Amino acid sequence: MRGRPVTCCFTGHRPSKLPWGYQEKDPRCRALKRRLQDAVDAAYAEGFRHFICGMALGSDFYFAEAVLDLKGRKGDVTLEAALPCPTQADSWSRQDRQRYADLLAQCDYETVVQDHYAPGCMQRRNRYMVDHSALVIAVYDGSAGGTRQTLEYAIRRGVSFLDLRTEEV
């Protein structure tokens, strides 16, 4: 089942804004992943069954993995990849592209918001996710950027959000 009342999306920081960068074995990263899993599980307990992820590096990957874990435990969960454009991962490292491809292969739906890269396509992807959701889960440190813009858009649209602030990790 898809649709705004049962849909939750995610916004969060890429590795460059996370205190541990790419070091996912860092205890702070592990703690955030546990908090994300708890937030996804709580959303499920509240009736959310469809989850949308923008599939960016860092926090988005953690969110997708948490949803896939939930999906493995509960049969009625779907994961949608909302891609800003088909070339999103082209400049990433080989390892990151492989992880992206592996996650994408496990998604139930794939929505490509724009058929080519252009300035603003990431923001269009973020607005798409908020417009199709009743809840936004965020990993946010208070800084300017796409995560803040997405949360501000959610507030303007009256969409609830849960902020898993990075400094609490």
Side-chain angles (χ1 to χ4, degrees), residues 2 7-41 43-44 48-130 132-133 136-141 143 145-150 162 164 166 169:
R2 293 169 67 185
T7 301
C8 170
C9 71
F10 177 81
T11 187
H13 296 306
R14 290 178 177 84
S16 62
K17 280 196 172 179
L18 295 171
W20 51 86
Y22 282 89
Q23 304 306 314
E24 291 186 41
K25 292 182 181 180
D26 185 292
R28 296 168 297 176
C29 182
R30 290 179 184 208
L32 175 63
K33 288 180 177 186
R34 282 190 300 275
R35 289 176 63 221
L36 256 174
Q37 188 67 63
D38 291 345
V40 167
D41 289 351
Y44 180 86
F48 292 92
R49 298 296 184 266
H50 184 67
F51 296 83
I52 307 174
C53 182
M55 302 300 291
L57 294 170
S59 299
D60 281 27
F61 281 8
Y62 310 160
F63 175 78
E65 289 163 351
V67 171
L68 291 169
D69 178 78
L70 175 65
K71 184 178 176 179
R73 292 181 280 122
K74 309 284 185 182
D76 58 347
V77 172
T78 55
L79 177 59
E80 175 181 355
L83 309 180
C85 61
T87 59
Q88 173 170 312
D90 285 4
S91 65
W92 298 352
S93 72
R94 189 175 58 113
Q95 181 179 352
D96 288 334
R97 285 193 317 271
Q98 185 59 57
R99 187 174 180 186
Y100 173 82
D102 292 345
L103 290 171
L104 208 52
Q106 296 176 73
C107 289
D108 300 284
Y109 304 96
E110 187 177 312
T111 301
V112 180
V113 177
Q114 193 166 300
D115 65 3
H116 63 282
Y117 176 82
C121 68
M122 304 295 179
Q123 291 81 7
R124 285 187 66 206
R125 182 259 331 264
N126 296 343
R127 288 191 307 268
Y128 166 83
M129 294 190 305
V130 170
H132 290 84
S133 298
V136 177
I137 296 175
V139 169
Y140 179 54
D141 66 3
S143 65
T147 300
R148 175 187 274 175
Q149 291 170 357
T150 303
L162 171 63
L164 304 177
T166 56
V169 176

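Quantities reported herein were computed from a predicted structural model and do not represent experimental measurements.
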Next on the checklist: Please evaluate residues C53 and V67 with respect to the criterion side chain to side chain contact (heavy atoms under 4.5 Å, CB included), reporting the C-alpha separation (whole Å), side-chain torsions for both, the decisive distance (0.1 Å), and the verdict.
Outcome noted: CA-CA 9 Å; C53 182; V67 171; over 6 Å; no

Over all heavy atoms of both residues, which pair between [X] and [Y] is shortest? Give the atoms and the distance, please.
| X | Y | value |
| --- | --- | --- |
| C121 | P84 | O-CB, 3.6 Å |
| L103 | E65 | CD2-CG, 3.7 Å |
| A81 | C107 | CB-SG, 3.8 Å |
| D76 | Y44 | OD1-OH, 2.8 Å |
| G146 | N126 | O-ND2, 4.1 Å |
| G145 | K17 | CA-NZ, 4.0 Å |

When rounded to the nearest 0.5 angstrom, what distance separates [atom1] in [X] from [atom2] in [Y]?
| X | Y | atom1 | atom2 | answer |
| --- | --- | --- | --- | --- |
| I52 | F10 | CD1 | CZ | 13.5 Å |
| Q37 | D69 | CD | CG | 4.0 Å |
| F63 | L68 | CZ | CG | 10.0 Å |
| T11 | D60 | OG1 | CG | 7.0 Å |
| R49 | K71 | CZ | NZ | 14.0 Å |
| T87 | D115 | OG1 | CG | 10.0 Å |

Could you tell me whether a side-chain N or O of [X] sits under 3.5 Å from a main-chain N or O of [Y], the two making a donor and an acceptor?
| X | Y | answer |
| --- | --- | --- |
| R125 | G54 | yes |
| D108 | E80 | no |
| Q114 | R124 | no |
| T111 | A82 | no |

Checklist outcome for this item: Residues passing the side chain to side chain donor-acceptor pair (under 3.5 Å) test with R148, sequence neighbours excluded, are Y140

Next on the checklist: Any non-hydrogen side-chain atom of E24 less than 4.5 Å from a side-chain atom of K33?
Outcome noted: yes

Checklist entry - Any side-chain heavy-atom pair from Y117 and D90 closer than 4.5 angstrom? => result no

Checklist entry - Going by distance alone, is a donor N or O of one side chain under 3.5 Å from an acceptor N or O of the other, for D102 and Q106? => result no

Next on the checklist: Could you tell me if S59 and H13 have a donor-acceptor pair between their side chains, going purely by distance under 3.5 Å?
Outcome noted: no

Next on the checklist: Let's go through L104 and L83 carefully: what are the C-alpha distance in whole Å and the side-chain angles of both, what is the deciding distance for side chain to side chain contact (heavy atoms under 4.5 Å, CB included) to 0.1 Å, and is it a yes or a no?
Outcome noted: CA-CA 10 Å; L104 208 52; L83 309 180; 4.2 Å; yes

Item to check | Under the side chain to side chain contact (heavy atoms under 4.5 Å, CB included) test, residues paired with Q123 that sit two or more places apart | outcome: R127, Q149

Checklist entry - What do you reckon, is CZ of R73 surrounded by more than 12 foreign heavy atoms closer than 6.0 Å? => result yes

Checklist entry - Got a sec: does the CD of Q23 have more than 12 other heavy atoms crowding it under 6.0 Å? => result no

Next on the checklist: Go through it in stages, so that I can follow the logic: the residues are Y22 and L57, the test is side chain to side chain contact (heavy atoms under 4.5 Å, CB included), and I'd like the CA-CA distance, side-chain angles, deciding distance and then a yes or no.
Outcome noted: CA-CA 9 Å; Y22 282 89; L57 294 170; 3.6 Å; yes

Item to check | ring pair (Phe, Tyr, Trp, His ring centres under 6.0 Å) against Y100, all qualifying residues, sequence neighbours excluded | outcome: W92

Item to check | Y62 and V139: CA distance, side-chain angles, deciding distance, side chain to side chain contact (heavy atoms under 4.5 Å, CB included) verdict | outcome: CA-CA 10 Å; Y62 310 160; V139 169; over 6 Å; no

